[in-house]
Asks: 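Before we start, here is the structure in question, set down as structure tokens.
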Amino acid sequence: MTTTTKTTQTSGALPSAATLREAASRALEGCGVDPRRLSGDQTSRTPVLGTDLLPVRWSEADDVDRAVTTAHEAFLVWRVTPAPVRGALVKRLGELLREHLDDLADLVTLEVGKIRSEARGEVQEMVDICDFAVGLSRQLYGRTMPSERPGHRLMETWHPLGVVGVISAFNFPVAVWSWNTAVALVCGDAVVWKPSELTPLTALACSALLDRAAAEVGAPEGLGQVLLGDASVAERLVDHPLVPLVSATGSVAMGRAVGPRVAARFGTSLLELGGNNATVVTPSADLDLAVRGIVFAGAGTAGQRCTTLRRLVVHTSVADELLDRVVAAYRRLPVGNPFEPGTLVGPLVAERAFVSMQAALTDVRAGGGDVLVGGDRMLDDVAPDAFYVTPAVAVSPRQNDVVRRETFAPLLHVLHYDELDEAIALQNAVPQGLSSSIFTSDQAEAERFLAADGSDCGIVNVNIGTSGAEIGGAFGGQKETGGGRESGSDAWKAYMRRATNTVNYSGALPLAQGVDFSV
């Protein structure tokens with residue numbers, strides 16, 4: 001294969017800073033954000049140009065205490081509200097999110113740099129989880145078990161937990177909040193949200209819509225609170241004794257800090273941390289399907305998803321053909337203005353992401369690898385403070401340190417294998433365990449990958465990529481990914497407390513295990 005490291009395809013002229021500020025103001029006004037919240041000594045920023053958007057006020061320590069106290073007081077009323085009635089709030093929230101889909105998508109693109117279709121898709125995911133949670137409000141099932149004692153009933157019931165602290169990352173600034181909030185609200189909890197410092201405007205918009213929904217359905221005021229600020233605000237939330245559950249999404253380093261602090265006060269953590277996701281391509285794979293899955297998973301969201309494809313493990317017999325096709329597809333990817341319909345790759349969120357990617361490419365070459373395509377900065381002549389980069393594909397001779405660490409940028413490492421057990425071992429031999437997939441037409445290979453001694457990830461797919469999880473399934477991973485589960489399936493149980501109940505209707509008092517304690 002011929003090595004090439006230069007791609008030049010761009011998509012759409014970049015908008016002006018004034019245009020972006022006007023778009024932000026229009027979207028916030030549409031969502032009903034109080035103008036008083038758009039003042040302060042901090043400024044939101046857009047990666048589209050690397051320029052400032054609008055001023056915001058960051059929260060202080062006392063604000064955290066007030067927000068948690070307010071949410072706790074609302075919880076005391078909300079917890080005894082019938083669950084189907086709680087579902088009415090989430091139903092209305094979903095309707096408002098649908099009505100303001102374009103406003104919210106604009107804010108996601110402005111603050112994260114996601115292309116238009118991905119930004120709209122993220123907001124649609126919010127609508128979908130609201131639909132899911134409304135149904136869940138009538139399905140918070142307990143169970144009844146047989147008692148060994150006659151005239152007794154043994155059962156489990158589930159009850160609201162309290163105030164849920166949500167700490168979210170920049171890359172999914174609204175979807176992750178909705179996963180937690182929609183489910184927590186129908187479970188009877190209140191929510192205090194600390195969003196990424198990079199995405200304050202999307203947080204203000206979502207908070208305004210939740211406040212409106214609560215007012216319209218007569219829910220307690222203060223059920224949802226938002227706190228803007230840096231790590232000190234998150235630390236105060238993590239340490240607060242009135243927050244029994246902290247759901248935190250971010251880096252492994254963040255999780256290492258959050259987990260022990262919450263555990264020290266006997267709270268519970270729901271952690272969604274790093275991913276170093278792999279796709280295995282076998283000799284029997286449909287390569288047309290595989291290329292499509294690989295390119296979206298590897299280059300979508302400019303490589304800034306936790307489920308981004310970072311390692312491609314391909315059988316030697318199909319490696320040359322597959323890589324020729326993947327590299328050709330990468331060369332065609334339009335990079336540029338994320339508001340432009342034809343763009344497929346928007347900007348990196350900040351300079352540090354570009355620096356991290358360049359360091360990784362340097363390490364690839366130093367380790368004997370070859371960069372086949374990508375890694376070039378683009379549009380810096382017209383937007384010197386923005387960081388657009390061409391997605392990169394690099395072949396490595398082995399799974400070394402640079403391959404084993406997560407580079408949060410569009411860099412795809414390619415590894416070769418000869419036997420399926422070797423491919424599974426490569427997939428599993430990283431600290432993270434979020435998402436994985438295999439492309440194969442062989443049922444036995446698919447089943448082997450899904451088996452207990454197959455992929456060790458929380459998400460294991462067949463004939464699709466590593467990205468694009470649906471809200472109906474529980475989302476999360478193992479090992480350094482944190483072990484938490486959000487969104488669908490029975491993830492709701494994390495937001496409630498379980499009680500085991502024994503009801504004696506016999507008129508006698510037999511003891512369990514045949515114990516005799518007669519007096």
Asks: Report yes if the side chains of Thr282 and Ile438 come closer than 4.5 Å at any heavy-atom pair, otherwise no.
Replies: yes
Asks: Take Ser284 and Ser441 through the side chain to side chain donor-acceptor pair (under 3.5 Å) test and state the conclusion after the steps.
Replies: CA-CA 5 Å; Ser284 67; Ser441 297; 4.7 Å; no
Asks: Please check if atom NZ in Lys91 has more than 12 non-hydrogen atoms from other residues, nucleotides or ligands closer than 6.0 Å.
Replies: no
Asks: Please step through salt bridge (charged side-chain N to carboxylate O under 4.0 Å, His left out) for the pair Asp131 and Arg98, ending with a clear verdict.
Replies: CA-CA 11 Å; Asp131 287 346; Arg98 187 180 286 108; 3.8 Å; yes
Asks: Do you know the tightest heavy-atom contact between Ala133 and Ala182?
Replies: CB-O, 3.5 Å
Asks: Checking side chain to side chain contact (heavy atoms under 4.5 Å, CB included) between Cys31 and each of Leu204, Leu201, Thr202, Leu104, which is the one that passes?
Replies: Leu104
Asks: Do Arg45 and Asp385 meet the salt-bridge criterion of a basic N to acidic O distance under 4.0 Å?
Replies: no
Asks: Counting only heavy atoms not in Glu216, do more than 12 fall under 6.0 Å of its CD?
Replies: yes
Asks: Do Pro195 and Trp177 come within less than 4.5 Å of each other through their side chains, counting heavy atoms only?
Replies: no
Asks: Which is it for Glu118 and Thr301 under the side chain to side chain donor-acceptor pair (under 3.5 Å) test, yes or no, and what are the steps along the way?
Replies: CA-CA 7 Å; Glu118 287 194 76; Thr301 325; 2.4 Å; yes
Asks: Examine distances only and state if a side-chain atom of Asn277 and a backbone atom of Arg310 form a donor-acceptor pair shorter than 3.5 Å.
Replies: no
Asks: Using only heavy-atom distances, determine whether the side chains of Ser437 and Thr279 contain a donor-acceptor pair under 3.5 Å.
Replies: yes
Asks: Start with the C-alpha distance between Arg92 and Glu95, add both sets of side-chain angles, then the distance that settles salt bridge (charged side-chain N to carboxylate O under 4.0 Å, His left out), and finish with yes or no.
Replies: CA-CA 5 Å; Arg92 182 57 184 144; Glu95 291 169 350; 3.0 Å; yes
Asks: Mind running side chain to side chain contact (heavy atoms under 4.5 Å, CB included) on Asp106 and Thr109 for me, showing each step along the way?
Replies: CA-CA 5 Å; Asp106 282 346; Thr109 297; 5.9 Å; no
Asks: Kindly check if the number of other-residue, nucleotide or ligand heavy atoms within 6.0 Å of CD (Glu29) is above 12?
Replies: no
Asks: Ser435 and Thr307: side chain to side chain donor-acceptor pair (under 3.5 Å), yes or no, with the steps?
Replies: CA-CA 6 Å; Ser435 185; Thr307 55; 5.9 Å; no
Asks: State, to 0.1 Å, how close Val314 and Val318 come at their nearest heavy-atom pair, and which atoms those are.
Replies: CG2-CG2, 3.8 Å
Asks: Would you please test Arg365 and Asp370 for salt bridge (charged side-chain N to carboxylate O under 4.0 Å, His left out) and show each step?
Replies: CA-CA 6 Å; Arg365 296 183 178 101; Asp370 189 12; over 6 Å; no
Asks: When you measure from the side chain of Gln304 to the backbone N and O of Asn171, does any donor-acceptor pair fall under 3.5 Å?
Replies: no
Asks: What I'd like to find out is whether the side chain of Leu412 reaches to under 4.5 Å of the side chain of Ile294, using heavy atoms alone.
Replies: yes
Asks: Please report the C-alpha distance between Phe339 and Leu110 in whole Å, then the side-chain angles of each, then the deciding distance to 0.1 Å, and finally whether the side chain to side chain contact (heavy atoms under 4.5 Å, CB included) criterion is met.
Replies: CA-CA 9 Å; Phe339 285 101; Leu110 285 165; 3.8 Å; yes
Asks: How far apart are the C-alpha atoms of Val164 and Tyr495, what are their side-chain angles, what is the distance that settles it, and do they pass the side chain to side chain contact (heavy atoms under 4.5 Å, CB included) test?
Replies: CA-CA 8 Å; Val164 175; Tyr495 303 86; 4.1 Å; yes
Asks: Does Ala175 offer a backbone N or O that forms a donor-acceptor pair with the side chain of Glu122 under 3.5 Å?
Replies: yes
Asks: Does the side chain of Arg57 reach to within under 4.5 Å of the side chain of Arg36, using non-hydrogen atoms?
Replies: no
Asks: Ser436 side chain to Ile459 main-chain N or O, any donor-acceptor pair under 3.5 Å?
Replies: yes
Asks: Tell me whether Ser44 contacts the main-chain N or O of Leu54 through its side chain, where contact means a donor paired with an acceptor under 3.5 Å.
Replies: yes
Asks: If we only count heavy atoms from C-beta on, is the Val345 to Ile115 side-chain gap below 4.5 Å?
Replies: no
Asks: For Ala429, is there any backbone N or O sitting under 3.5 Å from a side-chain donor or acceptor partner on Arg404?
Replies: yes
Asks: Hey, what do you get for CG (Leu210) to CG (Leu97), rounding to the nearest 0.5 Å?
Replies: 9.0 Å
Asks: What's the spacing between Gln42 CD and Ser59 OG if we round to 0.5 Å?
Replies: 11.0 Å
Asks: What I want to check is whether the side chains of Arg311 and Asn276 have a donor and an acceptor closer together than 3.5 Å.
Replies: yes
Asks: Quick check on Asp401: does its CG atom have over 12 non-hydrogen neighbours (other residues, nucleotides or ligands) under 6.0 Å away?
Replies: no
Asks: Using a 3.5 Å distance criterion without hydrogens, assess whether the side chain of Thr249 forms a donor-acceptor pair with backbone atoms of Ala169.
Replies: no
Asks: Pro338 versus Val48: any side-chain heavy-atom pair under 4.5 Å?
Replies: yes
Asks: Report yes or no: does Asn461 contribute a side-chain atom to a donor-acceptor pair with the main-chain N or O of Ile464 at less than 3.5 Å?
Replies: no
Asks: I want to check a possible cation-pi pair here: Arg377 against Phe387, using under 6.0 Å from ring centre and within 45° of the ring axis as the test.
Replies: yes
Asks: Measuring from Arg405:CZ to His413:NE2, what's the distance to the nearest 0.5 Å?
Replies: 7.5 Å
Asks: Quick one: closest heavy-atom pair of Ser455 and Gln427, and the distance?
Replies: OG-NE2, 3.5 Å
Asks: Ignoring hydrogens, what is the shortest heavy-atom contact between Val192 and Ala67? Give both atom names and the distance.
Replies: CG2-O, 4.0 Å
Asks: Would you say Thr43 and Asp52 are linked by a side-chain donor-acceptor pair, where the criterion is simply a distance under 3.5 Å?
Replies: no
Asks: Got a second to check how far Lys114's NZ is from Arg305's CZ, nearest 0.5 Å?
Replies: 6.0 Å
Asks: Got a second to check how far Glu111's CD is from Leu198's CG, nearest 0.5 Å?
Replies: 8.5 Å
Asks: Arg325 vs Glu321, test: salt bridge (charged side-chain N to carboxylate O under 4.0 Å, His left out). Steps then yes/no.
Replies: CA-CA 6 Å; Arg325 295 171 67 171; Glu321 180 182 357; 3.5 Å; yes
Asks: Would you check if Ser137 and Val90 make a side-chain contact, meaning some heavy-atom pair closer than 4.5 Å?
Replies: no
Asks: Report the distance from atom CG of Leu185 to atom CG of Asp189, rounding to the nearest 0.5 Å.
Replies: 8.0 Å
Asks: Has the side chain of Thr481 got a donor or acceptor atom that lies under 3.5 Å from a matching backbone atom of Gly433?
Replies: yes
Asks: Hey, does the side chain of Arg398 reach the backbone of Leu415 with a donor-acceptor pair shorter than 3.5 angstrom?
Replies: no
Asks: Do Leu223 and Val191 make a side-chain contact, defined as non-hydrogen atoms from C-beta onward lying under 4.5 Å apart?
Replies: no
Asks: Nearest heavy-atom pair of Ser16 and Leu49: which atoms, and what distance?
Replies: C-CD1, 3.6 Å
Asks: In sequence, state the C-alpha distance, the side-chain angles, and the governing distance for Leu323 and Leu312, and then conclude on side chain to side chain contact (heavy atoms under 4.5 Å, CB included).
Replies: CA-CA 10 Å; Leu323 289 184; Leu312 176 60; 4.2 Å; yes
Asks: Using the ring of each side chain (for Trp, its six-membered ring), is Tyr417 parallel, tilted or perpendicular to His315, with breaks at 30° and 60°?
Replies: perpendicular
